[in-house]
Amino acid sequence: VFYALLGFVAAVLMALLRYQMFNTFENVIDLKETTKLPVLGSLPFEKNIEGLGVDTSSKSSLMESLRGIRTSLSYSSGKEGRLFMVTSIHPGEGKTFISGSLAALYAHAGKRVLIIDYDLRKPRLHKLLNIENAKGKSNFLSGQEGVSDMIVEVSDNLFALTSGPVPPNPSELVLSDKVDQLLSYG
């Protein structure tokens, strides 16, 4: 009887652990109820956003959701000159598209925006914004160029600092002291 009870308790604990480790959120309401973090919005699932580009005049559900997130971000703290970071664990989850679209939406609303591509291994921001990637952040971090020489004006109020040529040592450049100088540039 003791071993049966011990086996039952172990099975229940393993089931609870598995539920905690692999539980997924089905919708925004589940996320809001489970976490203490503010949820600024959600995006509809799009099968293939590769090549969509940034179209701030689009009335698609994706761009409308991004406009809602922009509004939520704008009212979330009220500070000027804020930094936003878009990140995820896996490649191909839409970080470049979301950050580029948000930057374009802010610029379209009259805010001056500088978007910085931090992907030094597989840069794609330049493709999304349809600009050159010959010079960029890797040139600045390696001491070859100044920040202002690297910034490209994409459109009214939208400026970009692409990643530049792929360096042989991207992780060392990201750990450089020049990163603080880059983030405080203004």
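Between E153 and L158, every side-chain heavy-atom pair lies at or beyond the 4.5 Å cut-off. Between K135 and E145, some side-chain heavy-atom pair lies under the 4.5 Å cut-off. With contacts defined as side-chain heavy-atom distances shorter than 4.5 Å, the pair F97/R124 does not qualify. Side chains of Y106 and L73 form a contact here, defined as non-hydrogen atoms less than 4.5 Å apart. Side-chain contact check for N157 versus K111: every heavy-atom pair is 4.5 Å or farther apart. Contact annotation: the side chain of V12 approaches that of L16 to within less than 4.5 Å [non-hydrogen atoms, C-beta and beyond]. Side chains of I69 and L105 form no contact here, defined as non-hydrogen atoms less than 4.5 Å apart.
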For a side-chain contact (heavy atoms from CB on, under 4.5 Å) check, start with the C-alpha distance between D149 and F140, then their side-chain angles and the critical distance, and finish with the verdict.
CA-CA 9 Å; D149 300 329; F140 169 72; over 6 Å; no

Before giving the answer on side-chain contact (heavy atoms from CB on, under 4.5 Å), spell out for V147 and L182 the whole-Å C-alpha distance, their side-chain angles and the decisive distance to 0.1 Å.
CA-CA 7 Å; V147 178; L182 176 64; 4.1 Å; yes

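Taking each heavy atom of P123 and N133 in turn, the nearest pair found is CG-ND2, 3.9 Å. Shown here for I116 and L125, the closest heavy-atom pair between the two residues is C-CD2, 4.5 Å. The two residues L66 and S101 come nearest to each other via the heavy atoms CD1-CB, 3.5 Å. Here the closest non-hydrogen pair linking L114 and L161 is CD1-N, 4.0 Å. Between A103 and I115, the shortest heavy-atom distance links the atoms CB-CD1, 3.9 Å. In this structure, A107 and V113 approach most closely via the heavy-atom pair N-CG2, 3.8 Å.
If you take OG on S171 and CG on L173, they are separated by 8.0 Å, rounding to the nearest 0.5 Å. In this structure, CD in Q144 is found 7.0 Å from OG in S138, a value given to the nearest 0.5 Å. Taken from OG1 in T162 to NE2 in H126, the straight-line distance is 7.5 Å, to the nearest 0.5 Å. Separation of atoms OG (S142) and CG (N169) is listed at 8.5 Å; rounding is to 0.5 Å.
A side-chain contact (heavy atoms from CB on, under 4.5 Å) with T96 is found for one member of D117, L129, L128 and no other, namely L128.
Around atom CG of D177, no more than 12 heavy atoms belonging to other residues, nucleotides or ligands sit under 6.0 Å away.
For the 3.5 Å distance criterion, the side chains of S163 and D119 fail to qualify, holding no donor opposite an acceptor.
Between the side chain of N130 and the backbone N or O of K127, no donor-acceptor pair lies under 3.5 Å.
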